[in-house]
Amino acid sequence: MPGATLFFSTLMADEAKTIARGLQRRDPDLLDRLIEQYQYRLFRYLVYVTGNKERAEDFFQETWIRVLERGHQYDGKSKFEAWLFAIARHLVIDWQRSKKAQSLETLTDPEQEHPLQLVNESEPSPLHQVLSNETEETVLASLQKIPAIYREVLVLRFQEELQIDEMAGVLSIPVSTVKSRLYRGLQALRGALPGGAAS
Amino acid sequence: MSENIHQRALQLIAQARLEGMPETDAAWLRAHLETCDSCAAHARQTDRSLRALRSVAIPLPDGLARRTQFRVRLRAQELREREPKRRALWFACGVSWIFGGVSAPYVWSLFQLLGARAGLPKFVWEIGFGLWWTIPALFVVAVLLMEKVRQGDEPAWMR
């Protein structure tokens, strides 16, 4: 087992280095491949962060433009997806700042008593519209009850399967804060799902 | 059973799913869950919640990747076209610095000579020399600032 783990980690490190070299050269074929490869994960993450499909599409495209422009800054030492999500997240934060002159952190952190409602509660949620599958509606509705910063860490951990230290890199926060958000997020998720709080 | 034991069990249930835990704690938790229905239900509910979270699928908009690839290729072309201009600009700046450095003693003598002929006080032609020396540097600073404004401030997270 350790041999297999070593093999896969070496393989991933090699892949990251290959991506870094390709981004240095602004290799168009590599970028095409990366866009294909990460389209679903990036779009899903952006939908969760922005709560809006159209906005997520815009940020999706902007993220890849940034990847092209700043690709030389990726050194291949970390997972490419962690770097990609960090770019996407900061584009959203910049947009939030320009829109409301406040950071996403401040807006979303319920510990700072400034809970952010990414979507207007009185309107049908775009996030809800995105997920039309009936079997998923309950989960979606539950996710919407969770504050954005907790939803984000849950998505990064359990959908994107990032490690805690990688999440700290994406979110630009200490590992201890990531853990604290994860614990609270898990609690919130359990509480939000029907029957979760009762058991 | 004491409340503390249940609290510990709930804490370990979360820890196991979020960051893993040592085998001794895992063994303790397994033993506890076999005897405590409430905590076992909590563990099952937590697993259900996480499975549900993992199962959510978001439909991808049609042609998103294709449209993005097109935009990225266009931008790449733009950047490629701009590259020679940027190189030429830096080359000109470099040449200007070298020329300025090499010619400084001669220009100083020239200013001194012209100042003496015109009967100007020393500090006047010295200021003139200073300005002559500063203008290329100011030009470079202006170019760099314009470049920075064009690219936008580079945040720390990008590095």
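Residue numbers start from 1 in every chain, and the chains themselves are labelled A, B, ... in the order their sequence lines are given, proteins ahead of strands.
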Legend entry - Side-chain touch Tyr48(A)/Val56(B), heavy atoms, less than 4.5 angstrom: yes

Inset, instruction - Hey, could you give me the CG/CZ distance between Leu60(B) and Arg41(A), rounded to the nearest 0.5 Å? - result: 13.5 Å

Inset, instruction - Flag yes if Trp132(B) and Ile127(B) sit in one hydrophobic cluster, no otherwise; membership is Ile, Leu, Val, Met, Phe, Trp, Tyr, and two members link when side-chain heavy atoms are under 4.5 Å apart. - result: no

Inset, instruction - Mind checking the CH2-CZ spacing from Trp64(A) to Arg73(B)? Nearest 0.5 Å is all I need. - result: 13.5 Å

Legend entry - Contact summary for Pro61(B) and Lys53(A), nearest pair of heavy atoms: CG-CE, 3.8 Å

Legend entry - Connected via hydrophobic side-chain network under 4.5 Å: Phe111(B) and Leu114(B): no

Inset, instruction - Grab the two heavy atoms, one from Ala76(B) and one from Leu68(A), that are nearest each other, plus how far apart they are. - result: N-CD2, 3.4 Å

Inset, instruction - Apply the test side-chain contact (heavy atoms from CB on, under 4.5 Å) to residues Val72(B) and Asp32(A): give CA-CA distance (whole Å), side-chain angles for both, the deciding distance (0.1 Å), then the verdict. - result: CA-CA 9 Å; Val72(B) 167; Asp32(A) 278 359; 5.9 Å; no

Legend entry - Minimal non-hydrogen separation, Ile164(A) against Leu18(B), with atom names: CD1-O, 3.7 Å

Inset, instruction - Could you have a look at Glu57(A), Gln159(A), Arg157(A) and say which one has the most heavy-atom pairs with chain B under 4.5 angstrom? - result: Glu57(A)

Legend entry - Heavy-atom pair count under 4.5 Å with chain A, highest-scoring of Arg44(B), Arg80(B), Arg17(B), Gln15(B): Gln15(B)

Legend entry - Under 4.5 Å from any heavy atom of chain B - which part of Leu31(A): side chain

Legend entry - Same apolar cluster: Leu74(B) and Phe60(A), side chain cutoff 4.5 Å: no

Inset, instruction - Tell me whether Leu110(B) is reachable from Leu131(B) by hopping between hydrophobic residues (I, L, V, M, F, W, Y) whose side-chain heavy atoms are closer than 4.5 Å. - result: no

Inset, instruction - Measure the CD-CD distance between Glu78(B) and Glu69(A) for me, rounded to the nearest 0.5 Å. - result: 9.0 Å

Inset, instruction - Tell me, for Asp29(A) versus chain B, whether the close heavy atoms (under 4.5 Å) come from the side chain, the backbone, both or neither. - result: both

Legend entry - chain B contact via Arg44(A) - which portion, at a heavy-atom distance below 4.5 Å: both

Inset, instruction - Please list, in residue-number order, every residue in residues 64-71 of chain B that has a heavy atom less than 4.5 Å from any heavy atom of chain A; write 'none' if there are none. - result: Leu64(B), Ala65(B), Arg67(B), Thr68(B), Gln69(B), Arg71(B)

Legend entry - Residue selection (most heavy-atom pairs with chain B, distance under 4.5 Å) from Glu161(A), Arg26(A), Gln187(A): Arg26(A)

Inset, instruction - Check Arg75(B) against Ile65(A) and note the closest heavy-atom contact, atom names and distance. - result: CB-CD1, 3.8 Å

Inset, instruction - Answer with yes or no whether the hydrophobic clustering places Leu12(B) together with Ile5(B); edges join I, L, V, M, F, W, Y residues whose side-chain heavy atoms lie under 4.5 Å apart. - result: yes

Inset, instruction - Provide the closest heavy-atom pair for Phe43(A) versus Pro59(B) in the form atom of the first, atom of the second, distance. - result: CE2-O, 3.6 Å

